[in-house]
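One structure below.
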Protein chains: 2
Amino acid sequence: MDDAVPNLSTAQLNYLVAITRHRTWAEAAASLQVTPSALSQGIAELERRLGVPLFATDGRRRVPHEYTATVAHAAERMLADLDQVTRWVRAVGGGQIGRLRVGMIDIAAVHYCTAALRTFRRAHPKLDVGLTVAPTGELLGRLERNELDVAVCVDPEGSGPFDSTPLLSDALAVYAPPGVAPIGPPSTWGPWLLFPSASRTRTAIDQRLRAIGAPLVVEMESHQPEVLVEMVRLGLGWTVLPTTQAEHGPHRLSRASAEPLFTRTVSAVTRRGGAQHPAVAPFVAALVAALSG
Amino acid sequence: MDDAVPNLSTAQLNYLVAITRHRTWAEAAASLQVTPSALSQGIAELERRLGVPLFATDGRRRVPHEYTATVAHAAERMLADLDQVTRWVRAVGGGQIGRLRVGMIDIAAVHYCTAALRTFRRAHPKLDVGLTVAPTGELLGRLERNELDVAVCVDPEGSGPFDSTPLLSDALAVYAPPGVAPIGPPSTWGPWLLFPSASRTRTAIDQRLRAIGAPLVVEMESHQPEVLVEMVRLGLGWTVLPTTQAEHGPHRLSRASAEPLFTRTVSAVTRRGGAQHPAVAPFVAALVAALSG
DNA sequence: CTATCTGTTCAGTAATACTTCACAATATGG
DNA sequence: CCATATTGTGAAGTATTACTGAACAGATAG
């Protein structure tokens with residue numbers, strides 16, 4: 001009988017995770033800077049210690065079992081935990097200053113948080129604040145893999161292992177092309193120029209538009225609100241945007257209806273777990289102070 | 001500069017955890033079946049790879065830093081994850097049947113779930129169902145350390161990394177000694193024979209009794225409801241018990257007040273995390289079926 | 001068929017972890 | 001005060017382990 005808890009190395013877990021992230025083992029080995037031989041032997045050793053084969057051999061190709069994905073996922077989680085606590089203890093115990101990896105959705109980076117970011121950077125000159133701008137879904141994925149220390153994005157509302165601090169409410173409204181007047185009932189609205197279908201905000205938009213009976217004919221999709229604004233100004237269709245993005249800058253749109261279609265909560269989100277980068281707390285506090293004052 | 005994610009072995013994490021769980025390093029080394037020298041060198045290697053000292057040296061004694069507890073806690077979590085996924089993959093991938101470790105509070109084991117347990121064991125003859133009976137707090141602790149696969153206990157209500165499936169509502173009522181009549185207002189009740197102060201249910205009982213204005217003079221404490229029932233029958237005082245425990249068997253108590261003092265939810269609780277023992281789901285399903293039908 | 005990609009296997013070598021032994025610093029007890 | 005046990009550390013030797021490099025075998029493409 002094998003030991004209750006086998007003695008593995010993180011390198012072996014890394015092997016497994018790398019394999020799930022690359023199409024071939026050779027590619028995975030290259031990404032780890034080891035020879036394919038080392039990878040092969042490492043996985044064999046891992047299987048031996050777990051006491052269970054992780055890959056079946058189909059001809060020359062290695063095919064994972066159904067349960068292998070679960071093991072790989074657990075390995076990924078353990079490595080993320082290790083990465084998190086390592087960064088934390090180095091920042092704290094080493095007395096270092098370190099690097100704070102911040103993610104933001106575009107509207108937060110270019111509108112809501114610009115001043116707060118600048119102020120925070122000035123207050124912590126030795127802290128290297130790295131900023132990544134991406135949609136909410138991608139930011140949450142990175143947070144889960146511990147590639148970010150904190151993200152400012154749409155609140156995940158309890159889905160996934162996250163803690164969130166609400167920062168502000170963001171209203172989204174419907175905008176018609178210039179010259180459409182008077183505005184008819186929702187059944188006459190469209191066609192639409194919207195965020196891409198994969199986006200979380202888009203899902204919410206579709207839901208709300210359907211609820212009020214607007215036909216969902218989508219002409220174009222883009223992640224860039226400026227593009228959508230321009231297209232609407234050219235009369236190509238209608239759109240739904242955060243009011244701050246549509247009614248800001250030289251070319252403003254005007255609402256089809258005075259009241260917003262719906263509001264979403266923008267929050268500061270962190271990966272759940274005891275060990276956070278020590279600069280996260282002051283950073284979130286700075287955001288809260290800047291946005292409430 | 002060290003690697004982003006250092007290459008550790010689970011043995012090293014075990015060293016750190018063992019040290020936190022024993023008073024001296026020699027004791028910890030003995031518990032791991034290695035020499036003190038190996039432990040010392042292993043910790044030194046761990047510190048080297050993390051790039052941070054975990055223990056300061058005060059004379060001859062080694063004293064942990066403040067942040068060391070956090071690292072140890074993360075290590076504990078990673079080891080629990082590993083243990084969990086290892087058991088799971090061995091049960092699934094090895095085609096084994098394995099052992100299901102069930103925990104229950106006494107009332108569930110001897111009253112609510114006896115029939116369901118017997119039926120489930122008969123339906124899965126090759127599955128070794130190990131049953132541990134203990135108070136809720138202890139069961140949750142064991143669950144967190146992955147010493148149990150599932151526990152039937154008072155619902156933790158979101159505290160801790162648990163998922164829970166509600167099974168039933170359990171009413172607790174106040175019982176006076178025989179011959180006390182008529183029953184006066186709550187301010188005349190007592191003295192009390194109750195569960196021990198450390199118990200979760202006792203905390204809830206105290207809170208409710210205070211709320212209705214009953215004086216809290218506690219004569220005796222016991223974990224065993226049978227003992228409390230007997231003492232009340234002998235006229236030594238009043239008690240608060242689950243109605244099913246007090247009004248069952250040959251020597252029944254009668255309530256001081258028809259309506260229960262409060263109700264608690266008994267749930268099937270598991271440790272949160274992707275990899276569960278494959279028999280947990282059918283087991284919980286069997287409980288739900290038996291208790292709802 | 002050749003060429004190239006895949007993953008495996010087999011040496012040989014470098015790194016690593018462990019035990020044994022010796023030792024320094026603390027108690028404990030007479 | 002001096003014995004005596006105990007705690008943690010360091011050094012040497014040994015066994016295990018992990019890696020590289022080369023040779024090998026199945027698969028696929030031109």
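Every chain is numbered from 1 and lettered A, B, ... according to where its sequence line falls, protein lines coming before strand lines. Predicted model only: the values in this text are computed from it and were never measured. Only heavy atoms go into these numbers, but all of them, side chains included; no hydrogens, no water, no symmetry mates.
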Is a side-chain donor or acceptor of [X] paired with a backbone partner of [Y] at a separation under 3.5 angstrom?
{"X": "B:S40", "Y": "B:P36", "answer": "no"}
{"X": "B:T136", "Y": "B:C153", "answer": "no"}
{"X": "B:S199", "Y": "B:F195", "answer": "no"}

Given [options], which nucleotide is nearest the side-chain atoms of [X]?
{"X": "B:R49", "options": "C:dA17, D:dT20, D:dC19", "result": "C:dA17"}
{"X": "A:S37", "options": "D:dA22, D:dA18, C:dT19", "result": "D:dA22"}
{"X": "B:A38", "options": "D:dT20, C:dT19, D:dT9", "result": "C:dT19"}

> OP1, OP2 of D:dT9 versus side-chain N and O of B:R62: anything below 4.0 Å?
Replying inline: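 Answer is yes, contact under 4.0 Å.
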
>> If the cut-off is 4.0 Å, is A:T35 near the phosphate of D:dC19, judged by side-chain N/O to OP1 or OP2?
In response: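 The answer is no; no side-chain N or O of A:T35 sits under 4.0 Å from OP1 or OP2.
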
Atom [atom1] of [X] and atom [atom2] of [N]: how far apart are they, to the nearest Å?
{"X": "B:R23", "N": "D:dT6", "atom1": "CZ", "atom2": "C1'", "answer": "12 Å"}
{"X": "A:N7", "N": "D:dT17", "atom1": "CG", "atom2": "P", "answer": "9 Å"}
{"X": "B:L8", "N": "C:dT16", "atom1": "CG", "atom2": "P", "answer": "12 Å"}
{"X": "A:L39", "N": "C:dT8", "atom1": "CG", "atom2": "P", "answer": "8 Å"}
{"X": "B:R48", "N": "C:dA15", "atom1": "CZ", "atom2": "P", "answer": "12 Å"}
{"X": "B:L32", "N": "D:dG8", "atom1": "CG", "atom2": "P", "answer": "13 Å"}

>> So if I take residues 40-47 of chain A and measure heavy-atom distances to DNA chain C, which residues fall below 4.0 Å?
In response: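 Residues of residues 40-47 of chain A under 4.0 Å from DNA chain C: A:S40, A:Q41.
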
>> Within residues 12-22 of chain A, which residues have any heavy atom lying less than 4.0 Å from an atom of DNA chain D?
In response: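 Only A:Q12, A:Y15 qualify.
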
>> Using the rule given for salt bridge (charged side-chain N to carboxylate O under 4.0 Å, His left out), can you reason through B:R21 versus B:E27, listing the C-alpha separation, both sets of side-chain angles and the distance that settles it, and then say yes or no?
In response: CA-CA 9 Å; B:R21 290 198 181 152; B:E27 213 175 294; over 6 Å; no

> Say you draw a straight line from CG of B:L39 to CG of B:L32; how long is it, rounded to the nearest 0.5 Å?
Replying inline: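 Output value for this atom pair is 7.0 Å.
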
>> If we count only N and O atoms by modelled type, under 3.5 Å, do the side chains of A:T270 and A:D163 hold a donor and an acceptor together?
In response: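 A:D163 and A:T270 do not have a side-chain donor-acceptor pair below 3.5 Å.
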
>> Please determine whether side-chain contact (heavy atoms from CB on, under 4.5 Å) holds for the pair B:L193 and B:S222, giving the CA-CA distance in whole Å, both sets of side-chain angles, and the decisive distance to 0.1 Å.
In response: CA-CA 8 Å; B:L193 319 173; B:S222 169; over 6 Å; no

> What pairs with A:D81 under salt bridge (Lys or Arg N to Asp or Glu O under 4.0 Å), at least two apart in sequence or on another chain?
Replying inline: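 Partners of A:D81 by the salt bridge (Lys or Arg N to Asp or Glu O under 4.0 Å) criterion, ordered by chain and then number, come out as A:R271, B:R77.
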
>> Within the 4.0 Å heavy-atom criterion, would you say A:E27 contacts the bases, only the backbone, or no part of the nucleic acid?
In response: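 Here A:E27 touches no strand at all.
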
>> Classify the ring geometry of B:F283 against B:F120: parallel below 30°, tilted from 30° to 60°, perpendicular beyond 60°.
In response: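 The rings of B:F283 and B:F120 stand perpendicular, inter-plane angle above 60°.
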
